[in-house]
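A note on names: the letters A, B, ... follow the listed sequences, proteins ahead of strands, and every chain is numbered from 1.
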There are 4 protein chains.
Amino acid sequence: MEKCDKRDLIVRAALELVAEQGFHGAPMAMIADKAGVGAGTIYRYFENKDALIRGIYCMVEARVVAAILKDYPDNGPVRERFMHFGTVLVNYLASAPLELRFVEQFHNSPFGVDHRREKIFGKGEKDIISELFQEAIEQQIFKPLPLSILFALFFSPLIDVCRDQILGFINLDQELIEQTVGACWDAVRR
Amino acid sequence: MEKCDKRDLIVRAALELVAEQGFHGAPMAMIADKAGVGAGTIYRYFENKDALIRGIYCMVEARVVAAILKDYPDNGPVRERFMHFGTVLVNYLASAPLELRFVEQFHNSPFGVDHRREKIFGKGEKDIISELFQEAIEQQIFKPLPLSILFALFFSPLIDVCRDQILGFINLDQELIEQTVGACWDAVRR
Amino acid sequence: MEKCDKRDLIVRAALELVAEQGFHGAPMAMIADKAGVGAGTIYRYFENKDALIRGIYCMVEARVVAAILKDYPDNGPVRERFMHFGTVLVNYLASAPLELRFVEQFHNSPFGVDHRREKIFGKGEKDIISELFQEAIEQQIFKPLPLSILFALFFSPLIDVCRDQILGFINLDQELIEQTVGACWDAVRR
Amino acid sequence: MEKCDKRDLIVRAALELVAEQGFHGAPMAMIADKAGVGAGTIYRYFENKDALIRGIYCMVEARVVAAILKDYPDNGPVRERFMHFGTVLVNYLASAPLELRFVEQFHNSPFGVDHRREKIFGKGEKDIISELFQEAIEQQIFKPLPLSILFALFFSPLIDVCRDQILGFINLDQELIEQTVGACWDAVRR
DNA sequence: TATGAATGAGCCTTCATTCAT
DNA sequence: GATGAATGAAGGCTCATTCAT
């Protein structure tokens, strides 16, 4: 319990610092300080800073997936399920600035590329989202494009929009979110 | 001549290093080394590392814009002009891995946010692309969404796709490019 | 204990280097080396080089004041008290070459001017020496001159003499010291 | 002519920068800039930075001596001649902040010590001031103290007072100057 | 297990000096 | 003679990581 507790404190502190200040602004000592633990303690839970960063990413990813899958309309029509994905994703990220900023930092770094490579060429345990895309392609609901292009068409704009919302460049409301997700749907559907 | 020569060597070296190794992997000494100049020389051309990075970004941005505007069908129908933008952009970026990787590093950093803020809230000298978007909105060709959302819908997937191409995750050909750009068009058009 | 130990080692090393080689001749790395600590360790005890220098100065000043106040004839006649100040000061400084050289370096530097300004215009917590001067002025024992001029008349020659002694330009003994301090007394007294 | 002109420009620029910013604040490039010459040009007139500094000191010293000897009452009584030295010196230095600040920088540095050593133990070309001190000692007007102590008693306070005037810590007028020089006379006379 | 002082390699930047023009 | 771009050693400082307690 203790162990998990500290680990969590460390992760939270690092997440916040990286999100707000970038990797540069998150030295281990500062993370430890913010977490209220000794600097050396971090190394009990993570082999080194890279491992810590990757650990945080996994956690964030898991949370996002969990959010998306909550109330997921398993048996609804394809469009409804995609709209669910999109709106929940935007609602989640737009209200989780730290997670979003962190993820963006992560994606552009040696980490990001490796992680993406792993994901695409890796053992490929089927996840529910990929499956849904696959299904939509097979049912000829989606354009006959490679999976990763469809991913880009559907998710990239949403993440960008969340970032702009967080940075105060736009002001999302539910209607705007639905319109935007709808636009992404238009991009992928036949 | 000499002067331009050195400046250019420095820029190329820095671009390459940042693109391949990230900001972390591009210390000034290494940039100087790769450029074949003394470490101090960089500071004759750029006030400091930040200025160097920003300088490179501006150069890359200018090049991309130049590429996009080449053979731009000024008087063609809106859709044709957008397709031109999209395909030229993808062709350019997919064949310019260093520029693309650099730009992505740049966008996620204090630099990037500042730059974006400047662009959105700044003096706002009308650029040709914004004008085209504006026009398409007014003509009710585009969905009635904020400009920055339309930008995200149209450009984000394209850039993501270029990245995947460069990293070898997909294999673009002209047909695929056109289909992808077409999908982006579907996202923004009414 | 450990902490004080290292801090002290650093201070000693810096004092010695600055005294012997000037500020220029005392890079942080060399100080660390001489102190037998890592370069980074210095920054655990002092925010930066400036703070280190100022810290040393305060320490030296405190030591000098302590030396001067030892056996101070609180209730003796004014002249005796001044002679005490002068002779003890010279004896102390003439036997503390490092302190003296350091203080001289310090006085001529941005530090020195700031420190002097602070002292003269600052909150002005009354120190025992200023009080004694004030008393001597009020009792019309001293010439009616501004305090800082009296300070100069009494202390400047003494410090100069100490420096010459240390540099081997003269050879002080107790008699000479007393004669010199007596001369300074002649300068300030009516 | 040209040559002397440039040399002078360089000296003036360096004097000003060193006086105002200290040695740290006077890089060769900045001196060259302020002098309106090329950086390399300085090296035509001075072997290196040290030589430049020493050259400036010699110039300043010569000017001060010249000022002191102007209207020097060759045949006046000893006291009058000393009062002349003192008052002229203070008047000169108090109105020449750059020279004074420079000299103070110079004195506390490897330069200063070497220069002083040279002066005391050097070939010892008799200068007019030393001669006057010597004379006063022999006539038993002065206390029987070593020459360098008498120098310290007479000159140190005056220079200190000038510095305080320049830094705005006191406000000298002719009467105050005379009183102060008089006090210095009291220090050295029997 | 937890700590945090200590480390030292490495970073960005400055600047005295040189040398091709 | 004059220039100033180029150099690279050196400086102040940071920070991931270790280890004695």
Worksheet item: Which word best sums up how the rings of Phe23(C) and Phe102(C) line up, parallel for under 30°, tilted for 30 to 60°, or perpendicular for over 60°?
Response: perpendicular
Pairs: protein N or O with nucleotides 8-10 of chain E N or O, under 3.5 Å:
{"from": "dG8(E)", "atom 1": "N7", "to": "Gly40(C)", "atom 2": "N", "distance (Å)": "3.2"}

Worksheet item: CD1 of Ile31(C) versus C1' of dG12(F): gap in Å, rounded?
Response: 11 Å
Practice prompt. Mind running a 4.0 Å heavy-atom check of residues 48-56 of chain C against DNA chain F and sending the residues that fall below it, in number order?
Written response: Asn48(C), Lys49(C)
Item to complete: Could you check Asp8(D), Leu52(D), Ile10(D) and say which one makes a side-chain contact (heavy atoms from CB on, under 4.5 Å) with Tyr45(D)?
Response: Ile10(D)
Practice prompt. Tell me what Met28(C) touches on the nucleic acid: a base, only sugar-phosphate, or nothing, going by heavy atoms under 4.0 Å.
Written response: sugar-phosphate
Practice prompt. Return the value, rounded to whole Å, for the distance between atom CG of Asp5(C) and atom P of dA5(E).
Written response: 15 Å
Worksheet item: Quick check: are there more than 12 heavy atoms from other residues, nucleotides or ligands sitting under 6.0 Å from CZ of Arg12(C)?
Response: no
Fill in: His115(A) ring center near His107(A) ring center (under 6.0 Å)
no
Discussion item. Can you measure His24(D) atom NE2 to dA16(E) atom C1' for me and round it to whole angstrom units?
Written reply: 14 Å
Discussion item. For Ala26(C) versus Leu17(C), what's the shortest heavy-atom pair and its separation?
Written reply: CB-CB, 3.8 Å
Practice prompt. Report the residue (Glu47(D) or Tyr43(B)) whose heavy-atom-nearest nucleotide on DNA chain E is the more 5′ of the two.
Written response: Tyr43(B)
Worksheet item: Between Glu20(C) and Arg101(C), is there a salt bridge with N-O shorter than 4.0 Å?
Response: no
Discussion item. If I take atom OH from residue Tyr57(A) and atom CG from residue Leu15(A), how far apart are they, to the nearest 0.5 angstrom?
Written reply: 13.0 Å
Discussion item. Between P on dC11(E) and CG on Leu17(B), what's the gap in Å once rounded to a whole number?
Written reply: 12 Å
Practice prompt. Take atom CD1 of Ile42(D) and atom C1' of dA16(E), then tell me their distance rounded to the nearest Å.
Written response: 10 Å
Item to complete: Might you point out which heavy atoms bring Ala39(C) and Ala32(C) nearest each other, and give the distance in Å?
Response: CA-CB, 3.6 Å
Response to the item:
Lys6(B) has its side chain closest, among dT7(F), dA5(F), dA6(E), to dT7(F)
Discussion item. Apply side-chain contact (heavy atoms from CB on, under 4.5 Å) to residues Leu9(C) and Lys34(C) and explain how you reach the verdict.
Written reply: CA-CA 8 Å; Leu9(C) 287 170; Lys34(C) 182 159 200 142; over 6 Å; no
Worksheet entry | Distance, rounded to the nearest Å, where Tyr45(C) contributes OH and dT7(E) contributes C1' | 12 Å
Worksheet item: What's the verdict on side-chain contact (heavy atoms from CB on, under 4.5 Å) for Ile56(A) and Val18(A), showing C-alpha distance, side-chain angles and the deciding distance?
Response: CA-CA 10 Å; Ile56(A) 295 173; Val18(A) 172; 5.7 Å; no
Practice prompt. Would you mind reading off the distance between Phe23(D) atom CZ and dT14(E) atom C1', rounded to a whole angstrom?
Written response: 18 Å
Worksheet item: Taking atom C1' of dA5(E) as reference, at what distance in whole Å does atom CG of Leu9(C) sit?
Response: 14 Å
Worksheet item: Does atom CD of Glu47(A) have more than 12 heavy-atom neighbours, drawn from other residues, nucleotides or ligands, at distances under 6.0 Å?
Response: no
Discussion item. Only Watson-Crick and G-U wobble pairs, only distances under 3.5 Å, only runs of 3 or more: what stems does that leave for DNA chain F?
Written reply: E:2-21 with F:2-21
